[in-house]
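What follows is a set of notes on a single structure, which appears directly below.
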Amino acid sequence: NTSPTPITFSGNPGIGTAKAVMVTPNPDGSFDISFSFVVENTGDEPLTSVQLTDDLTAFYNATDLVVTDISSTGGNLNYNSSFDGQSDTNLLTGTDTLAVGESKTLTILLDDVELTGTTRSLTNTAVASATSPDGTPVSDTSDAGTDTDSEDDGPTNNGDPTVVPF
């Protein structure tokens with residue numbers, strides 16, 4: 001028999017994300033809130049169209065946050081300058097890629113934010129998503145801190161919210 005035997009390889013795409021916070025009180029009673037995001041390719045295929053979404057509605061409701069208070073302060077992911085955390089929750093432009101095992105970061109700052117009520121802490125999560133070469137979508141809800149898999153059991157089952165204390 002000279003007929004070739006077809007062999008099908010299936011990949012196992014995966015993505016993990018983590019979100020850490022640093023809150024710095026200012027002398028005037030306001031706070032600088034710095035969020036650091038880590039996105040990691042935890043699968044065995046490269047990923048494209050990497051996106052991070054973050055809904056900041058709770059911050060708008062509990063503080064005097066306005067869109068001009070939000071800025072990117074570092075990292076190697078392409079920040080979406082239209083991000084406002086409310087009508088546009090996409091932190092990235094959607095053009096980033098992640099090689100197998102690669103991780104990238106983004107840091108944003110909420111500058112001089114003042115509380116408007118009695119809230120003393122907020123919780124927040126981000127969601128990372130991307131696409132594998134065959135079009136398979138992958139996503140993960142952020143784990144608190146900087147480790148995309150703090151429990152060492154696969155990143156997609158963590159999803160611990162990041163607590164923002166004031």
How are the rings of F37 and F35 set to each other: parallel, tilted or perpendicular (split at 30° and 60°)?
tilted

Can you measure from [atom1] ([X]) to [atom2] ([Y]) and round to the nearest 0.5 angstrom?
| X | Y | atom1 | atom2 | value |
| --- | --- | --- | --- | --- |
| F166 | T118 | CZ | OG1 | 12.0 Å |
| T162 | D143 | OG1 | CG | 8.0 Å |
| D55 | Q86 | CG | CD | 7.5 Å |
| D64 | D69 | CG | CG | 6.5 Å |
| T105 | E40 | OG1 | CD | 12.5 Å |

Any donor-acceptor pair under 3.5 Å linking the side chain of [X] with the backbone of [Y]?
| X | Y | result |
| --- | --- | --- |
| T42 | I15 | yes |
| K104 | N78 | no |
| D28 | S30 | yes |

Chi angles and distances behind the side-chain contact (heavy atoms from CB on, under 4.5 Å) call for D32, D112
CA-CA 5 Å; D32 291 341; D112 292 326; 3.5 Å; yes

Please give me the minimum heavy-atom distance between [X] and [Y], naming the atom from each residue.
| X | Y | result |
| --- | --- | --- |
| V38 | S103 | CG1-CB, 4.3 Å |
| P13 | L47 | CB-CD2, 4.2 Å |
| V23 | V164 | CG2-CG1, 3.7 Å |
| T131 | S49 | OG1-CB, 4.2 Å |
| F31 | P25 | CD2-CA, 3.8 Å |
| G145 | A18 | O-CB, 3.3 Å |

Any heavy-atom pair between the side chains of [Y] and [X] that's under 4.5 Å?
| X | Y | value |
| --- | --- | --- |
| I70 | T68 | no |
| P46 | T97 | no |
| V113 | F59 | no |

What about [X] and [Y], same hydrophobic cluster or not, with Ile/Leu/Val/Met/Phe/Trp/Tyr joined at side-chain heavy-atom distances under 4.5 Å?
| X | Y | result |
| --- | --- | --- |
| L65 | L115 | yes |
| L56 | L122 | yes |
| V21 | Y79 | yes |
| V67 | L91 | yes |
| I108 | L92 | yes |

Using a distance-only test with no angle check, is there a side-chain donor-acceptor pair under 3.5 angstrom linking D44 and N12?
no

Looking at L52, D140, T148, which one forms a side chain to side chain contact (heavy atoms under 4.5 Å, CB included) with V39?
L52

If the test is side chain to side chain donor-acceptor pair (under 3.5 Å), which one of D88, N90, T89 qualifies with N80?
D88

So T107 and S34, side-chain contact (heavy atoms from CB on, under 4.5 Å) or not? Walk me through it.
CA-CA 7 Å; T107 302; S34 179; 3.4 Å; yes

